[in-house]
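Worksheet for the structure shown next.
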Amino acid sequence: MATDIKAPTFPESVAEGTVAAWHKKPGDSVERDELIVEIETDKVVLEVVAPEAGTLTDVMAEEGDTVESEQVLGKIGEGSASGSKEEKSSDDASAKSSEAKKDDKQEEKKASGGNGGGKQHDVKAPSFPESIQEGTVATWHKKVGEAVKRDEVLADIETDKVVLEVVAPADGALAEIKAEEGSQVESEAVLAVFTEGAGGAGEESSSASSSSASSSDDEGSDEKVGDKILAPAARKMVAEHDLDVAKIEGTGKGGRILKEDVQKAVKDGSAKKAAKSSAPAKAAAAPAVEGERVEKRVPMTRLRQTIAKRLVQAQQTAAMLTTYNEVDMTEIMALRAQYKDTFLKAHDIKLGFMGFFVKAASEALKRFPDVNASIDGTDIVYHGYQDIGVAVSTDRGLVVPVLRDTDSMKIADVERTIVDFGKRGRDGKLGMDDMIGGTFTITNGGTFGSLMSTPIINPPQTAILGMHKIQDRPMAVNGKVEIRPMMYLALSYDHRMIDGKDAVRFLVTIKELLEDPARLLLDV
């Protein structure tokens with residue numbers, strides 16, 4: 001039965017897309033989740049993968065055709081690719097091929113020891129967008145032989161923007177890992193070999209091999225070290241890991257140390273040597289002492305490398321200047337205190353300050369289009385919408401997911417989306433679409449206690465707003481000194497694009513909208 005290949009579900013803001021490239025031709029065999037066709041929209045390029053393994057039989061939308069959301073692009077049939085109309089001439093070749101396949105399967109079965117493993121698949125890295133050249137294998141969540149379910153996460157690939165998940169193509173187990181943690185991989189590089197339905201068998205064979213290994217411990221000559229007796233395999237592991245035999249508990253006959261005992265000690269880290277016995281002077285100095293100058297060298301993550309590169313690029317290419325102002329948060333804080341409980345009941349989300357800042361910035365961006373523009377070579381691109389990026393701090397580094405069309409968003413929508421961004425950012429679940437684009441950025445150093453800072457522009461944007469800590473300060477109000485909750489605001493901008501006058505007026509507009517929130521409702 002044929003399976004439809006459909007275009008992805010486009011976001012509301014995207015009406016249609018164009019078939020950019022077919023990666024397979026009719027008659028080509030495809031694996032499940034293999035890239036078949038790319039759809040180009042006015043914002044991003046969307047990848048369409050095979051819903052099932054089989055053969056591409058029909059292409060119903062050629063390259064260059066305009067397609068709508070969920071439109072059928074082609075069909076996948078069952079079986080392997082023939083792709084040839086000359087069936088008679090290919091009969092002999094097919095017969096020979098089937099015989100060869102049988103031989104290959106028999107050889108494969110012999111190689112696997114007849115453990116019942118099924119079809120093998122190459123586990124590949126995802127197709128990276130054009131802006132990403134390579135990624136790093138961050139974590140393998142499964143080991144060779146460990147049983148996994150279909151679509152269960154096998155590994156994480158860290159790129160300079162997001163962490164991409166690689167999932168199991170079927171129920172089974174990893175047969176071989178070809179790209180270890182920390183290795184660099186390119187788009188669609190083979191990461192591992194996966195065997196369908198091999199989880200239990202893999203575990204049985206591994207347990208059988210471990211039992212045979214332990215039985216081999218009983219053979220050969222033992223060695224006595226101090227008052228401990230080591231089996232041959234255990235002795236080899238002790239030497240490899242440079243362990244202190246005296247700290248290993250033996251579970252064999254008469255306290256004999258087996259290979260499993262050494263493996264347990266390696267895993268627990270309980271048998272590490274404190275110092276070399278041949279250097280008594282150094283042995284006395286081996287324990288850590290107070291004030292010891294310890295250094296640790298670790299490679300930069302790909303995200304941190306990209307952050308560093310972009311920040312340096314921003315300072316080297318933009319004529320960056322920063323203007324400052326301060327805002328009296330009295331009215332916003334009073335409004336928040338008055339309605340926070342009602343807001344929580346109505347929207348199931350807490351009322352914070354970021355919603356007010358995003359709405360104020362959206363209004364100010366409409367009034368000052370230069371601040372909402374970007375520079376592309378010698379061209380100025382004026383954006384007729386407000387997509388505001390909000391800097392989110394994660395364990396991996398700073399990421400800037402984007403709020404789309406903030407002018408039409410309600411404060412509750414802003415707060416809910418920002419909370420979602422924060423959670424997914426900490427879990428490494430932010431997608432590429434979440435961080436593409438953006439016409440303006442807001443960063444809040446106040447959450448960490450920053451009183452004043454100079455934010456760096458996020459290219460190709462031309463401005464960024466920095467929020468800071470709210471602090472009570474004495475202020476002159478109508479000729480009297482009053483204590484008011486004040487916040488310093490900083491606007492860094494590209495002087496190539498934005499004049500100082502417009503930058504100052506933009507920041508003053510945000511200040512006025514926040515100090516009198518009714519302006520946001522009345523559009524004045």
Side-chain angles (χ1 to χ4, degrees), residues 319-343 350-372 386 388 390-391 393 406-407 410-411 414-415 418 440-457 462-495 497-524:
M320 199 168 71
L321 191 64
T322 305
T323 183
Y324 301 94
N325 214 315
E326 57 184 350
V327 57
D328 186 344
M329 296 292 289
T330 302
E331 294 299 324
I332 292 290
M333 293 178 73
L335 192 65
R336 182 169 175 260
Q338 182 178 355
Y339 292 106
K340 64 179 183 180
D341 294 336
T342 307
F343 187 89
K350 290 182 179 179
L351 178 60
F353 293 113
M354 188 59 82
F356 294 103
F357 278 84
V358 169
K359 295 302 293 181
S362 299
E363 180 60 33
L365 289 171
K366 288 194 295 182
R367 300 183 191 183
F368 298 92
D370 283 355
V371 184
N372 196 45
Q386 294 79 41
I388 297 180
V390 179
S393 179
T406 54
D407 181 49
K410 296 179 180 178
I411 287 180
V414 174
E415 295 289 354
I418 289 174
F440 184 76
T441 296
I442 299 177
T443 179
N444 185 7
T447 56
F448 307 107
S450 172
L451 186 62
M452 175 74 78
S453 66
T454 303
I456 300 177
I457 298 168
T462 51
I464 180 172
L465 176 68
M467 298 167 56
H468 297 92
K469 176 184 177 181
I470 300 173
Q471 189 174 57
D472 287 342
R473 294 203 300 274
M475 303 295 295
V477 181
N478 297 324
K480 296 181 180 179
V481 176
E482 296 184 12
I483 303 299
R484 292 294 183 102
M486 304 299 295
M487 177 193 288
Y488 286 119
L489 299 179
L491 180 75
S492 293
Y493 60 97
D494 192 339
H495 215 333
M497 174 70 211
I498 304 169
D499 292 332
K501 176 189 70 174
D502 289 336
V504 172
R505 289 170 59 200
F506 174 86
L507 195 56
V508 168
T509 298
I510 291 180
K511 168 185 168 70
E512 291 174 347
L513 291 171
L514 293 170
E515 290 185 341
D516 187 2
R519 287 174 174 268
L520 288 172
L521 298 175
L522 300 176
D523 194 19
V524 294

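If you read the sequence from its start, that first residue is 1, and numbering goes on from there.
D328 places a side-chain N or O within 3.5 Å of a backbone atom of T330 that can act as its donor or acceptor partner. A donor-acceptor contact shorter than 3.5 Å links the side chain of T406 to the backbone of Q386.
Rounded to the nearest 0.5 angstrom, E482 CD and D472 CG are separated by 12.0 Å. Rounded to the nearest 0.5 angstrom, M329 CE and R484 CZ are separated by 13.0 Å. Atoms CG and OG1, from L507 and T323 in turn, are 6.0 Å apart once rounded to the nearest 0.5 Å. Atom-to-atom distance recorded for T441:OG1 and I456:CD1 is 12.5 Å, nearest 0.5 angstrom. Rounding to the nearest 0.5 angstrom, the gap separating the CG atom in L335 from the CG atom in L351 is 7.0 Å. Distance check: K350 NZ to R336 CZ gives 9.0 Å after rounding to the nearest 0.5 Å.
You'll find the side chain of L520 stays beyond 4.5 Å of the side chain of I411, heavy atoms only. The closest side-chain heavy-atom distance from F353 to M487 is not below 4.5 Å. Here the side chains of D502 and R505 are in contact, with some heavy-atom distance below 4.5 Å. Using a 4.5 Å heavy-atom cutoff, the side chains of L489 and F357 are in contact. Inter-residue side-chain proximity for T462 and Y493 is flagged as unmet; no heavy-atom pair is nearer than 4.5 Å. Counting only heavy atoms from C-beta outward, the side chains of D516 and E331 never approach each other to under 4.5 Å.
V371 and A463 get closest at one heavy-atom pair: CG1-CB, 3.6 Å. The two residues P455 and T443 have their closest heavy-atom pair at CB-CG2, 3.9 Å. Of all heavy-atom pairs spanning M467 and I442, the tightest one is SD-CG2, 3.7 Å. A364 and T509 make their closest contact through CB-CG2, 4.1 Å (heavy atoms, listed as atom of the first residue, atom of the second, distance). Nearest heavy-atom pair across I457 and S492 is CG1-O, 4.0 Å. Contact between I510 and A361 at its shortest, heavy atoms only, is CD1-CA, 4.2 Å.
Side-chain contact check for S453 and Y488: no donor-acceptor pair (N or O, by modelled atom type) lies under 3.5 Å.
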Intermediate values then yes/no, side chain to side chain contact (heavy atoms under 4.5 Å, CB included), M486 and I470:
CA-CA 5 Å; M486 304 299 295; I470 300 173; over 6 Å; no
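For Y324, the OH atom is densely surrounded, since the number of other residues' heavy atoms within 6.0 Å is greater than 12. Enclosure of atom NZ in K511 by more than 12 non-hydrogen atoms of other residues, nucleotides or ligands within 6.0 angstrom is indicated.
Ion pairing between R367 and E363 holds under the 4.0 Å rule for side-chain N and carboxylate O.
Taking the six-membered ring for Trp, F440 and F506 have ring centres closer than 6.0 Å.
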